[in-house]
Amino acid sequence: MEISVVRASAVESHHWDVIVIGSGFGSLFFLQNYLKRNPNQRILVLEWGAHHTQRWQIDQQKNSAIDHNATIENESKKDWNFSIGLGGGTNCWQGMAARMHPHDFELQSRYGVGFDWPISYDDIADYYTAAEALMEVAGASDAGRVFPGSASFPQAPHHLSTTERLIKKDRPDTFFAAPQAKLTQGKNGRGACCNNGTCSFCPTGARFYAVEGMRDLWEAPNLSICTGARVRLIEATGANAEAVVFESEGRDFRVKGDLIVLGANGIHSPFILQQSGILDGGPGKYLGEKMLAFVEIMLDGIDHFDGGTATTGFELSYIDGPHRSEHGAVQYWTNNSFLWGGLRLDPPNRYREVLPIGITVEDLLYEENAVVDEGGDIPVVRHGGFSDYAHKGLDFATSKIPEVFSSLPIESVELRRILPTTDHIQGSLRMGSDPAISVVDKRQIHQRLRNLVVVGTAVFPTTSWAVPSLTCAAMSLKLGNEI
Ligand SMILES: Cc1cc2nc3c(=O)[nH]c(=O)nc-3n(C[C@H](O)[C@H](O)[C@H](O)COP(=O)(O)OP(=O)(O)OC[C@H]3O[C@@H](n4cnc5c(N)ncnc54)[C@H](O)[C@@H]3O)c2cc1C
């Protein structure tokens, strides 16, 4: 889709009703509802990256012209992954779209670790449904046994492989077709999933990508989009955020606005606050993400890889329970492709007798893992690596594989590796009820600057085991509807 963008020099002299920083999941799902309620307000989106079409991304085999690693100084024992460009993470994401479990919002009060969210599952249940509708999520309605209020999905589930059908028969209440923002039936110009496992470069449009999937939003006459605009500062006086300073075309610009929406991802959003001297609640602290490990289950005499998409199933036996007092909740994704490499070579001719799985493990967030402003032009990121809480969770998860997958003829279980990053950035601007230890309140409004809101996964106070973007989308739809 063609997107008309405005130049920085054309936006400077206006006073804006709303200035939105970044154009990823948080910002765009916020705008989706906010625009409908405020069709006469003048809204400006400032986006650091460019608009790269899907075709450009496939041809270049990258999601952005800006190397995300060059935008941070990473002193962590792990990597971080994100995409700088119009649409943010909707460019590169895999399309996995799970809800969180109701108990994920109550980690501290139930299990004595981590932090309680200031909102509950019920607060966003309807918005989960709305986000699933907007992205045309394909999923199985029986997952409603685990996620209250989840009924039929807009798209039929991707079909399970032969192997997964055995698991489903054995564990009907905990194993389900994975919810995916990837179409099983083409719709509105988006094709069906071609199941070639290259979801970050989806060639058919099956996987939700905001630039194509939110056409009404881009065509709104009161929305101006300025790309190539790197936000550096938010200026504030007293309890009011007043202006945004950004760099474009080699110089700085300053724009004034009544409401400022900060959605520049879990590393760059806290850095903007730090550079602005807006230090309430400790922006940048408690940065983290869950762990992701790649395991292969070697099968004896049964073939895999005849499922309908790259990741076809998810197993939820241990996403909740008293074990969370001791170690992280765990979830198993069953993959229908080698997302992270791998091939069964021995013995010969048994290439398909393997079930690749991804295990996600909840981790705790620690104050010392942080985005830090060291006075330079880019954020310094310090993280000590996944904690014992996550490592113990992974040990637990692998020990449970013979039980969870007992319906399969398992020859061996091979833990291949812990991935250097799960691609989810969380916690650095967490929400909470105590202003001393949280940056935003339960409505995602900054604890002191009441016309500044933060969107995106930065506000998550815990990692949970679940992929974050559907929850981020649901929370942003709620904010856009209510503020
Ligand atoms: C390879 C990959 C695969 C993933 N797969 C999944 C998945 O299957 N399921 C899932 O739930 N999640 C997935 N994720 C995670 C998902 O992308 C993030 O959870 C989500 O994008 C976070 O939303 P956000 O709004 O916080 O940030 P983003 O979506 O990253 O948006 C931030 C926006 O701010 C812009 N920006 C940054 N700094 C500035 C600045 N200074 N000035 C102006 N603009 C700025 C960025 O360009 C971007 O547009 C994946 C991530 C990656 C990298």
Side-chain angles (χ1 to χ4, degrees), residues 19-31 45-52 62-66 68 71-72 79-100 131 135 137 178-182 198-201 207-211 225-234 244-248 261-273 275-276 289-290 292 310-311 333 339 358 360 377-379 419 421-429 454-460 463-464 466-476:
I19 301 171
V20 180
I21 301 168
S23 61
F25 268 94
S27 301
L28 296 180
F29 281 83
F30 165 82
L31 280 173
V45 174
L46 295 171
E47 167 54 52
W48 184 354
H51 169 213
H52 297 300
K62 58 185 180 188
N63 300 108
S64 172
I66 298 175
H68 70 279
T71 73
I72 62 174
D79 293 349
W80 305 95
N81 198 5
F82 52 89
S83 196
I84 297 286
L86 194 71
T90 73
N91 287 283
C92 57
W93 80 315
Q94 295 277 326
M96 299 188 217
R99 296 183 180 207
M100 285 168 54
M135 292 194 271
V137 173
Q180 295 280 3
K182 288 182 246 175
T198 60
C199 305
S200 291
F201 304 103
R207 188 218 53 185
F208 173 79
Y209 161 49
V211 174
I225 299 145
C226 183
T227 52
R230 179 188 174 187
V231 171
R232 295 195 173 280
L233 299 174
I234 296 169
V244 174
V245 177
F246 67 97
E247 186 207 330
S248 187
V261 180
L262 177 58
N265 87 37
I267 293 178
H268 286 287
S269 284
F271 185 60
I272 290 168
L273 290 188
Q275 293 241 304
S276 311
E289 63 174 354
K290 67 189 69 65
L292 174 62
T311 299
W333 292 109
L339 277 177
T360 58
D377 187 43
I378 56 175
L419 275 85
T421 169
T422 315
D423 304 331
H424 307 157
I425 309 167
Q426 296 160 317
S428 53
L429 294 173
V454 180
V455 294
T457 54
V459 304
F460 284 28
T463 72
S464 89
V467 282
S469 301
L470 183 76
T471 300
C472 167
M475 289 165 63
S476 305

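Whatever order the structure lists them in is the order used to number ligands and atoms, beginning at 1.
For A97, the heavy-atom gap to ligand 1 stays at 4.0 angstrom or more. Distances from ligand 1 to the non-hydrogen atoms of A458 include no value under 4.0 Å. Under a 4.0 angstrom heavy-atom cut-off, G266 registers as lying outside contact with ligand 1.
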Check against side chain to side chain contact (heavy atoms under 4.5 Å, CB included), I19 and L46: CA-CA 7 Å; I19 301 171; L46 295 171; 3.8 Å; yes

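Salt bridge D377/R230: present, at least one basic N to carboxylate O contact under 4.0 Å.
Atom CG of L419 sits about 12.0 Å away from atom OG1 of T360, to the nearest 0.5 Å. Taking CD1 of I21 as the reference point, atom CG of N265 lies at 12.0 Å (rounded to 0.5 Å). In this structure, CG in L28 is found 5.5 Å from OG in S23, a value given to the nearest 0.5 Å. The line from SG of C226 to CG of L86 is 11.0 Å long, rounded to the nearest 0.5 Å. R207 contributes atom CZ, which lies 6.5 Å from atom OG of S200 (distance to the nearest 0.5 angstrom). A distance of 14.0 Å separates CZ of R99 from OG of S464, quoted to the nearest 0.5 Å.
Ranked by closest heavy atom to atom 47 (O) of ligand 1, the top entry among E47, Q275, E247, R232 is E47.
In the vicinity of G26, heavy-atom distances shorter than 4.0 Å reach the ligand 1 atoms 25 (O). Below 4.0 Å from some heavy atom of H268 lie the following atoms of ligand 1, by number and element: 38 (N). Atoms of ligand 1 found under 4.0 Å from any heavy atom of G456, numbered from 1 in the order shown, are 24 (P), 25 (O), 26 (O). Distances below 4.0 Å separate heavy atoms of N265 from the following atoms of ligand 1: 27 (O), 30 (O), 32 (C). Near G22, with a cut-off below 4.0 Å to any heavy atom, the atoms of ligand 1 are 33 (C), 34 (O), 35 (C), 44 (N). In summary, the atoms of ligand 1 found under 4.0 Å from a heavy atom of A264, numbered by their order in the structure, are 32 (C), 34 (O), 36 (N), 37 (C), 38 (N), 39 (C), 45 (C). Within the listing of ligand 1, atoms 43 (C), 44 (N) sit less than 4.0 angstrom from a heavy atom of L46. Those atoms of ligand 1 with a heavy atom of P468 less than 4.0 angstrom away are 10 (C), 11 (O), 12 (N), 19 (O).
Summary of contacts: the protein heavy atom closest to atom 2 (C) of ligand 1 is D423 OD2, 3.4 Å. Looking from atom 31 (O) of ligand 1 to the surrounding protein, the closest heavy atom is G24 CA, 3.2 Å. In terms of protein heavy-atom proximity, atom 26 (O) of ligand 1 is nearest to T457 N, 3.1 Å. Taking atom 53 (C) of ligand 1 as the reference point, the nearest protein heavy-atom neighbour is C92 SG, 3.4 Å. The nearest heavy-atom contact from the protein to atom 17 (O) of ligand 1 is G89 CA, 3.5 Å. What sits closest to atom 23 (O) of ligand 1 on the protein, heavy atoms only, is F25 CB, 3.5 Å. Annotation: atom 11 (O) of ligand 1 to nearest protein heavy atom, S469 N, 2.9 Å. Closest to atom 41 (N) of ligand 1, if we only count protein heavy atoms, is V231 O, 3.1 Å.
Checked against L470 for a side-chain contact (heavy atoms from CB on, under 4.5 Å), the options M96, M475, M135 give a single hit: M135. With respect to W93, the ring-ring contact (aromatic ring centres under 6.0 Å, His included) criterion is satisfied by exactly one of Y209, F25, F82: F25. When each of V245, L262, I234 is tested with S276 by the rule side-chain contact (heavy atoms from CB on, under 4.5 Å), just one qualifies, namely I234. Looking at T421, T457, T463 one by one, the single match for side chain to side chain donor-acceptor pair (under 3.5 Å) with E289 turns out to be T421.
An N or O contact shorter than 3.5 Å is missing between G49 and ligand 1 by distance. Checking only distances, G263 does come within under 3.5 Å of ligand 1, N or O to N or O. For ligand 1, the polar-atom distance check finds an N/O of Q94 within less than 3.5 Å of one of the ligand's N/O atoms. The shortest N or O to N or O distance between S23 and ligand 1 is under 3.5 Å. Taking distance alone, with nitrogen or oxygen atoms compared against 3.5 Å, W48 approaches ligand 1 more closely than that limit. Note: an N/O pair closer than 3.5 Å links G85 and ligand 1 by distance alone. Considering backbone and side-chain N/O of V467, none are found under 3.5 Å from N/O of ligand 1.
In this structure, W48 has its ring center closer than 6.0 angstrom to the ring center of H268.
Listed for the S476 side chain is no donor-acceptor partner under 3.5 Å among the backbone atoms of F30. H52 places a side-chain N or O within donor-acceptor distance of the main-chain N or O of A65, the cut-off being under 3.5 Å.
Using a 3.5 Å distance cut-off with no hydrogens or angles, the side chains of T311 and Q94 do not pair a donor with an acceptor. For the 3.5 Å distance criterion, the side chains of N91 and N63 fail to qualify, holding no donor opposite an acceptor.
The proximity of M96 to ligand 1, defined as any non-hydrogen pair under 4.0 Å, involves the side chain as well as the backbone. Of the heavy atoms in I272, only side-chain atoms (C-beta onward) come closer than 4.0 Å to ligand 1. The proximity of H424 to ligand 1, defined as any non-hydrogen pair under 4.0 Å, is limited to the side chain.
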